Amino acid sequence: MIDFGEILLKYNAIVTVFLMVTSLYIVIAKGNMIKKLVGLSLFQTSVYLLYLSPAKIVGGTAPIIADAIMVYSNPLPHVLILTAIVVGVATLALGLALVVRIQDAYGTIEEDEIFRAEGDA
Amino acid sequence: MNNLMQHLPILQVIVPLSIAVLCTMTKRGNLAWAMAVLSAGLSLAITVGLAQVLWAGPANVNYLFGGWSVPLTIEYRLDALNLFVLFIVNIIALATLFFAKSSVPSEIEERHVSWFYAMFLLCQAGLLGMVLTNDAFNMFVFMEISSLASYVLVAMGRDRRALLAAYQYLIVGTIGATFFVIGIGFLYLTTGTLNLTDMAQKLVSASETDERQLFVGIGFITVGLCLKLALFPLHLWLPKAYSYAPSAVSAFLAGTATKVAIYLVIRLYYSIFAPEFGSQLWPAIEAFLVLSLAAMVLASLSAIYQSNAKKLLAFSSVAQIGYITLGLCLVNFDGLTGGIVHLMNHALVKTAAFIAMGAIYFRIGSVELKDMAGIGRTMPVTMAAFVVAGLGLIGVPATAGFISKWYLISGALERGLWPVVVIILISSGLAVVYVGKVVETAYFHAPTGAAAKASDAPFWIMAPLIFLAGSSVFLGLNTDFNLGLAQTAAHQLLQGLGQ
C-alpha cells in the first residue's frame, strides 16, 4: 500500500533527487553538447531546491523585525542560492559560448563526430 | 599603516580581483601585463606581511567581515597551512606572469591579451579566496570564480582542440563543484552553520540520525573535490586541458589549481571531519590510499607512452598528485609533512617544466617529441633547467622532490606499510623513464628542422625558468623555509586530532 501522506511530506525531497539523478544522467549520456549543458543546468537547479525546501516555512514571511511578524523563513539559504543562481547562469553562458566556438571550428556539436574528426574517441 | 595591516587577509583577495577589472578596461596588452605583475607582486608582499603577523606569535589570524561575530559573518582564517598554500599560489603566479610577457603575445591574438590577464587575475583571486576563507559556501563561490576563469584560459589555446578540452573541463569541473555544494548543503542542513570552525564544534554533538546525513554530505564533498584535484581515475579532463591550453596557462594551473583543491581536502578532513568522526573515516581514507597508489603507477605509465611533451607532463602531474594524497592518507606527522611539502615542491618543479616546454613552443611552435629532437644542443640553458626540474620530479637527492619522498617513505614505514614504500620506489623509477624519454630526445639526436635553428628563449622566459629550477635545488639543500612551514602546519593539524 502506498503511503500518500509520506509521499506528500517528502514531496520536495523526492522531486529534488529525481531532478538531480535524471539531469546527471543527461550530462553523461547525451552526445549533443547543448543537451549536455541543459542537463548540467538542471543539475544545478536541483541543488537550489535542496537548499530552499527546508528553509521555507509554511505561512512564514520575510524576516522583518515587527510586531505583526511571528513566523518567518530562514533567509540565509535564499541568499546563498541567489549567489548559486548567478554562478549557474555564468557557467551556462560560458558553456554555450564555447559550444558556439566549437561549432565554428568543427562544423558540428555532436561529440562522437568531433572525436572521430580528432581521431581519439 | 597599522590599520592596513589588520585588513591584509581581505586585501589578499581584493587586490587581484579589482586589478582584474582594471585589466579589462585597456586594449593594450603590455599595460595589462604591467598591471597584472603589479597585482601579483602586491599579492606576494601581502602574503609576506601575513607571514610576519603569523610568526609574531598567534597560531592563527582571524578576519571577520563587517565586524560581526562568528556564526553570522564570513570569516577569513589564516594558519600555517593556509599561509603555505598562499605562498605557492603567489610565487607561481608571479613567475608565470614573467613568463607570459613573451609567451602570451606569441600564442594569443593581440586583442585578447588584456582579457587573458584579467582572467588570469580572476583565477588567482578565486584560488586565494578558497585558501583563506573559513566559510563553506564562500569556498564554493571562490571555487567557481577560479574555475570559470580557468575554463576561459584553457579555451584561449591556439589549437581547436583547446575548445574541446575547455568544454570537457567545464562539464567535469561544474559537476565537481556542484557535488561539493550539495555536500555543503547536507552539512548546513544538519549543523545550521557554514563557518567551518563552528561546524567542527557542532559536529561533535551530532546525534546518531544526524550522522547518516553528515556522511552523505562528506561523501558528496569528497567526490566533488576529487574531480577538482584530478585524483585517479577522475583525472581524464586534466591531460587534455593542460596540453592544449596556452603555455602560460598550463604552467599556472599545473602549479596551483589542483594544489588548492588538495588544500581543501586537507582542511575539511583534518580540521573539520576528523576530530569528530575519527576512525569512522578510515574506509574513505583507505580508498584514497589505494587510488593514490594507482595514480602513482598507472598515470606514470601513461606518461611514458605520450608523444606530446606537455601531455607527458600532465600525466606526470596526475601521478605526483597521487604522492600528495598518499601523504594525507598516512595520517601521521611524517606522512602529512611529506604530502604538504610536496604541494610546494611539485608546484615549483612542474611549473618550471611547463615553462621550459613553453620556451620550446615559443621557438619551434611545437612540443611534439619528434619535433624536439636535438633541442638540447640548440637550447642548452632551457633544457638544462628542464633536466633539473625533471630530477625534482624523480626525487633525486639535492632536489626538492627528494625531501617530500623522504618524508613520505618514513611516514609509510612508521605505519608499517612496506608495499607502499615499494610502490613509491617503482613510481620514481617510472618517472626516470618518462623524464628520460624527453632528455633522450633532446640530447641524443641530431637537431633537424626548426629545432636546428632554435636558440635559447628571451630573458622574460629564461628568468622565471631559472628561478624555479634553481629554487628546486635550493629547497632541496636548504629546507628551513618550506619544510619548516609544512612541519608547523602538519603539527597544528594533528594537534586538532589530539595526536
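If you're wondering where the values come from, they're calculated on a predicted model, not measured in any experiment. Convention: sequence-line order gives letters A, B, ...; per-chain numbering from 1.
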- Message: For a quick test of reading the model, state the closest non-hydrogen atom pair linking B:Gln168 to A:Phe115 and the distance between them.
- Response: NE2-CZ, 3.1 Å

- Item | Contacting moiety of B:Leu189, where chain A heavy atoms sit under 4.5 Å | side chain

- Message: Nearest 0.5 Å, please: how far is CZ in B:Phe137 from OH in A:Tyr51?
- Response: 5.5 Å

- Against chain B, label A:Thr83 side chain, backbone, both or neither, depending on which of its atoms sit under 4.5 Å from a heavy atom there. side chain

- Task: Please indicate whether A:Tyr72 has more than 12 foreign heavy atoms, meaning atoms of other residues, nucleotides or ligands, lying under 6.0 Å from its OH.
- Result: no

- With chain A, which of B:Val141, B:Leu194, B:Leu164 has the greatest number of heavy-atom pairs at distances under 4.5 Å? B:Leu164

- Note on the structure: By residue number, those in residues 95-103 of chain A with heavy atoms under 4.5 Å from heavy atoms of chain B are A:Gly95, A:Leu98, A:Val99, A:Arg101, A:Ile102

- Item | Other residues, nucleotides, ligands: >12 heavy atoms within 6.0 Å of B:Trp237 CH2 | yes

- Query: For A:Asp104, is it the side chain, the backbone, both, or neither that has a heavy atom closer than 4.5 Å to a heavy atom of chain B?
  - Reply: neither

- Message: Nearest 0.5 Å, please: how far is OG1 in B:Thr174 from CG in A:Leu40?
- Response: 5.0 Å

- Any chance you could lay out the side chain to side chain contact (heavy atoms under 4.5 Å, CB included) test for A:Leu37 and B:Ile171, step after step, and finish with the verdict? CA-CA 8 Å; A:Leu37 285 175; B:Ile171 297 283; 4.1 Å; yes

- Message: What's the separation between atom OH in B:Tyr188 and atom CG in A:Leu80, rounded to the nearest 0.5 Å?
- Response: 6.5 Å

- With chain B as the partner chain, list the residues of residues 18-35 of chain A whose heavy atoms fall under 4.5 Å from it, by residue number, and write 'none' if nothing qualifies. A:Met20, A:Leu24, A:Val27, A:Met33

- Tell me, side chain or backbone of B:Ile145 under 4.5 Å from chain A's heavy atoms, or both, or neither? neither

